[in-house]
Amino acid sequence: YGALSGNLAAESLERGVRDVIRDESKRDPRDFALWKKDPGHLMQWYSPWGWGFPGWHIECSVMSAHYLGEQLDIHAGGEDLIFPHHECEIAQAESLSGKPFARHWVHTRFLQVEGEKMSKSKGNYLTVRDLIAPEAEGGRGVDPIALRLTLVSGQYRKPFNFTFDTLKASMKHVERLREASAAAAQAIGRGSDGADTIGPQLDSLATDMENAILDDLNTPAAIAAAIEGAKLINSEGEKLSGASAAKASDFLKSVDELLGVPFHRSVPGSLTERVKLGDSSSATVTPVDPLAEQVERLLKERVKARSARDFKRADAIRDKLDELGVEVMDGADGTTWRRKSSL
């Protein structure tokens, strides 16, 4: 007991948590309850020890053994769970099975927001819903994939400071990756010829990504290699050959597999969500959420209005899209859209 947390000496433990331990029935400061009694508690079961409910630590040990077996490959949690919770889980599980409870422990450090602890009293308490909801619904319109990339951009063993500058950078990274994906798809679609000019470099970057993940989940280094690969693909522009495009597609697939950033698939607001002007039936993506469905419908109506030279109607539709928190971009290759952000 104490091997995971380093809390080995009962005397020092008692001094360190003397304000927390108030149970006079404990014979040792390291003791913890397996069965608790509280008449006011919501859960109540009868047991050989009377009415009560299981202690927090034994709940987790029993559930993991029941559903996952006696040994776990990876056990994760926040740094505040190392002691006493995970220490007690080990004590219970290993006393019963005689086997190591978990092969690998992954404890994440606390999250800060703009250098401060996140709390409602400070007014910096953020939820995923608040960040990704469209501005028209009171949110900030953040791309959820960019938010995910931000949250994995720090190595889990180090305190992570969430800042809106980091989020802005992640939004640019995601767009860069999507542009690379679109460029590769277009090159493959038009059957481009030519030799592979970037494959060896992309293979090297893919290896760098994998090695970084294998190095105790060094996600910052993995993301850096992914962005370097996207820049390399985008630097080719329309010169991207079919052979290079195939290697680029493989590279981008490995980025998604390692980092969970599905930029190369249909993502609401991405550069792949395009309606060709003059062809209202050529949407390149099936919408995957209510906003995307509404945007696609309005863009098709706008295409028809522009084709009929009904620019007043087209402008009215654009204004409606603006109210929905959507930015519309007209270009030679068609119309693209993305969610606006209040960052």
Side-chain angles (χ1 to χ4, degrees), residues 1-113 117-133 144 147-148 151 156-157 159-160 162 260:
Y1 189 86
L4 180 67
S5 65
N7 292 324
L8 299 172
E11 292 75 18
S12 62
L13 176 62
E14 189 170 22
R15 288 195 300 271
V17 295
R18 61 182 180 275
D19 294 332
V20 177
I21 298 175
R22 297 188 177 91
D23 192 343
E24 298 300 327
S25 65
K26 285 188 175 183
R27 290 176 292 181
D28 187 285
R30 293 167 295 189
D31 286 346
F32 53 91
L34 298 180
W35 191 256
K36 294 186 176 182
K37 297 183 179 182
D38 179 358
H41 198 274
L42 178 65
M43 298 185 296
Q44 295 289 334
W45 290 278
Y46 182 73
S47 76
W49 309 280
W51 285 94
F53 56 95
W56 174 35
H57 311 309
I58 199 67
E59 281 183 326
C60 293
S61 295
V62 170
M63 286 190 292
S64 62
H66 178 77
Y67 290 107
L68 303 173
E70 293 180 332
Q71 291 183 287
L72 309 180
D73 287 324
I74 301 174
H75 197 320
E79 61 177 310
D80 54 330
L81 297 181
I82 297 175
F83 186 87
H85 185 49
H86 288 163
E87 197 74 78
C88 294
E89 280 191 75
I90 293 172
Q92 293 165 154
E94 296 189 3
S95 294
L96 179 64
S97 70
K99 303 174 183 177
F101 177 48
R103 294 182 176 88
H104 300 282
W105 289 91
V106 178
H107 291 105
T108 56
R109 300 295 300 276
F110 290 134
L111 174 69
Q112 293 182 317
V113 175
K117 180 181 178 181
M118 185 166 70
S119 67
K120 291 183 178 180
S121 62
K122 291 180 179 292
N124 65 351
Y125 187 83
L126 304 172
T127 68
V128 172
R129 187 184 301 276
D130 292 337
L131 289 170
I132 70 173
L147 176 58
R148 173 177 170 77
L151 293 175
Y156 76 94
R157 288 189 189 273
F160 182 67
F162 179 93

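If you read the sequence from its start, that first residue is 1, and numbering goes on from there.
Separating the CZ atom in F160 from the CG atom in L151 is a distance of 6.0 Å, to the nearest 0.5 Å. Atom-to-atom distance recorded for N7:CG and I82:CD1 is 10.0 Å, nearest 0.5 angstrom. Taking CD from Q112 and NZ from K117, the interatomic distance works out to 10.5 Å, rounded to the nearest 0.5 Å. Expressed to the nearest 0.5 Å, how far NE2 of H85 lies from OG of S5 amounts to 13.5 Å. How far CD of E89 is from NE2 of H57: 9.0 Å, rounded to the nearest 0.5 Å. In this structure, C88 SG and D31 CG are separated by 9.5 Å, a value rounded to the nearest 0.5 Å.
Across all non-hydrogen atoms, the minimal contact from S61 to S64 is O-OG, 3.1 Å.
A side chain to side chain donor-acceptor pair (under 3.5 Å) with H107 is found for one member of H86, R157, H75 and no other, namely H86. Residue F101 forms a side-chain contact (heavy atoms from CB on, under 4.5 Å) with just one option from I90, L4, L96, and that option is I90.
Residues in residues 100-111 take part in these salt bridge (charged side-chain N to carboxylate O under 4.0 Å, His left out) pairs, two or more places apart or across chains: D73-R103, E79-R109.
Relative orientation of the F32 and Y1 rings is parallel, given thresholds of 30° and 60° on the angle between their planes.
Of the possible donor and acceptor atoms, none in the side chain of D38 sits under 3.5 Å from a partner among the backbone N and O of G52.
No more than 12 heavy-atom neighbours from other residues, nucleotides or ligands sit within 6.0 angstrom of OH on Y125.
Residues L34 and P54 have side chains not in contact (no heavy-atom distance under 4.5 Å, counting atoms from C-beta outward). In this structure the side chain of F162 reaches within 4.5 angstrom of the side chain of L147, judged on heavy atoms.
In terms of the salt bridge (charged side-chain N to carboxylate O under 4.0 Å, His left out) criterion, residue partners of E70 (sequence neighbours excluded) are, by chain and number, K99.
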